[in-house]
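Here the structure comes first, spelled out in structure tokens, and everything after it is commentary.
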Amino acid sequence: MDENILYGRNAVMEALKAGRDIDKLMVQKGEKEGSIIKIVGEAKDKGIVIIEAEKSKLDEVTGREKHQGVVAYAAAQSYVEIDDILQDAKDKDEHPFLLILENIQDPHNLGAIIRSAHNAGVHGIIIPKRRAVGLSGTVAKSSAGAIEYMKVAKVTNISQTIKELQEKGLWVACADMDGKMMYEENLTGPIAIVVGSEGEGVSKLTKESCDYVLSIPMYGQVTSLNASVAASIMVYEAVRQRKFKG
């Protein structure tokens, strides 16, 4: 079992009190008793996603250990604020270079993206609070240690976050097969690149929020790429433009 999955009322409450980053809280349906109410209230105050689930689901997650009706998914690494990411770029005297991931579900994909982004010099990654995997133990393992060095921020609304980044002077581009060829766009300034989910890609609302849309050339019969592969190709095209002028 993932070592970042916490269960049992005392263990979960202590993690919340200690300020540990929790991606989501799973509570057994029908549990309304005192200590559960306190745990749920504490989680709500911290803006943590709360999901009601059947006892069988909690049994499955915990390997039928005594979970007392509550399971918490703790982050393997602490999240940061977007301003922390932008400050890192400023401290390095570099144009901000961010990656925004919309609803990535597979922890292996997220781990691989973190690994590629770190090695490409990306200053930070932004992920949504809901409908996406967080910094789980599997993500940490898949990142091959890169999670220790990559700043990751978690936000409530991707479209609103894009607007705020634009107001701070960043250009925002999203990856989509209908966009302009990525080699034809300038990726050298302050920029954030949006990569969509494995199945659905970038949502219509998010795409409309971006300044421009980029595509990766495709010459095969399967006109899509794994999300982690697409993200890697996009960030390394930015690296080519930013670091190699020839």
*Would you say the side chain of Val235 lies within less than 4.5 Å of the side chain of Phe97, judging by non-hydrogen atoms?*
yes

*asked:* Just so I know, are the side chains of Met181 and Pro217 near enough to count as touching, which here means a heavy-atom distance under 4.5 Å?
replied: yes

*So, do Arg130 and Lys24 sit near enough that their side-chain heavy atoms are less than 4.5 Å apart?*
no

*Between atom CG of Asp21 and atom OG of Ser78, what is the distance when rounded to the nearest 0.5 Å?*
4.5 Å

*Whether over 12 other heavy atoms sit under 6.0 Å from Glu184 CD*: yes

*asked:* So does Ile113 get a backbone contact from the side chain of Ser116, meaning a donor-acceptor N/O pair under 3.5 Å?
replied: no

*If two hydrophobic side chains count as joined below 4.5 Å and joins carry through other members, does Val155 share a cluster with Val80?*
yes

_I need the Asn4 CG to Leu135 CG distance, nearest 0.5 Å._
9.5 Å

*Quick check: are there more than 12 heavy atoms from other residues, nucleotides or ligands sitting under 6.0 Å from NZ of Lys46?*
yes

*asked:* Measuring only between side-chain heavy atoms, which start at C-beta, is Arg242 closer than 4.5 Å to Ile191?
replied: yes

*Please report the closest heavy-atom contact between Pro96 and Leu86, naming both atoms and the distance.*
CB-CD2, 3.9 Å

*For the pair Tyr149 and His118, name the ring-plane relationship: parallel under 30°, tilted 30 to 60°, perpendicular over 60°.*
parallel

*asked:* I need the minimum non-hydrogen distance between Asp106 and His108, along with the two atoms involved.
replied: OD1-N, 2.8 Å

*Verify side chain to side chain contact (heavy atoms under 4.5 Å, CB included) between His67 and Lys55, making sure each step is shown before the conclusion.*
CA-CA 9 Å; His67 50 69; Lys55 181 179 182 297; 4.3 Å; yes

_Residue Glu52 excluded, over 12 heavy atoms near CD under 6.0 Å_ = yes

*asked:* Set out, in order, the CA-CA distance, both residues' side-chain angles and the distance that settles side chain to side chain contact (heavy atoms under 4.5 Å, CB included) for His95 and Thr188, then state yes or no.
replied: CA-CA 8 Å; His95 289 304; Thr188 60; over 6 Å; no

*Does a donor on one side chain and an acceptor on the other come within less than 3.5 Å for Gln87 and Asp83?*
no

_Would a single hydrophobic cluster contain both Leu99 and Leu225, if residues Ile, Leu, Val, Met, Phe, Trp and Tyr are joined by side-chain heavy-atom contacts under 4.5 Å?_
yes

_Backbone of Asp84 reached by a side-chain donor or acceptor of Asp88 within 3.5 Å_ = no

*Is the closest side-chain heavy-atom distance between Cys210 and Ile162 below 4.5 Å?*
yes

*Considering all heavy atoms, the nearest Gln105-Arg131 contact*: NE2-O, 2.6 Å

_According to a hydrophobic-cluster definition based on side-chain heavy atoms being under 4.5 Å apart (Ile, Leu, Val, Met, Phe, Trp, Tyr only), do Ile114 and Ile85 belong together?_
no

*Closest heavy-atom contact between Gly134 and Ile127?*
CA-CD1, 4.3 Å

*Would you check if there is a donor-acceptor pair between the side chains of Tyr79 and Asp23 at a distance under 3.5 Å?*
yes

_Student check: side-chain heavy atoms of Met26 and Lys57 closer than 4.5 Å_ = yes

*asked:* Between Asp211 (side chain only) and Ala173 (backbone N and O only), is there a donor and an acceptor less than 3.5 Å apart?
replied: no

*Euclidean distance, Ile125 CD1 relative to Ile104 CD1, rounded to 0.5 Å*: 10.0 Å

_Rounded to the nearest 0.5 Å, what separates atom CD1 in Ile126 from atom NZ in Lys154?_
14.0 Å

*Crowding at CG, Asn10 (>12 non-hydrogen neighbours, <6.0 Å)*: no

*To the nearest 0.5 Å, how far apart are CG in Leu101 and CD1 in Ile193?*
11.0 Å

*Is it possible for you to say whether Leu170 and Ile100 belong to one hydrophobic cluster, with membership spreading through side-chain heavy-atom contacts below 4.5 Å?*
yes

*asked:* Quick check: do Glu185 and Tyr212 have side-chain heavy atoms less than 4.5 Å from each other?
replied: yes

*Look up atom CE in Met13 and atom NZ in Lys38, then write down how far apart they are to the nearest 0.5 Å.*
7.0 Å

*Would you find a donor on one side and an acceptor on the other, under 3.5 Å apart, between the side chain of Ser215 and the backbone of Gly179?*
yes

_Check: Lys151 and His123 side chains under 4.5 Å, non-hydrogen atoms_ = no

_Between Leu214 and Ile233, is there shared hydrophobic-cluster membership here, with clusters defined by ILVMFWY side-chain heavy atoms closer than 4.5 Å?_
yes

*Minimum heavy-atom distance Arg9-Ile39, with the two atoms named*: O-CD1, 3.6 Å

*Heavy-atom pair of closest approach, residues Gln68 and Ile36*: O-CD1, 3.9 Å

*Hey, does the side chain of Gln166 reach the backbone of Ser209 with a donor-acceptor pair shorter than 3.5 angstrom?*
yes

*Should the pair Lys207-Asp176 be classified as a salt bridge under the 4.0 Å nitrogen-to-oxygen rule?*
yes

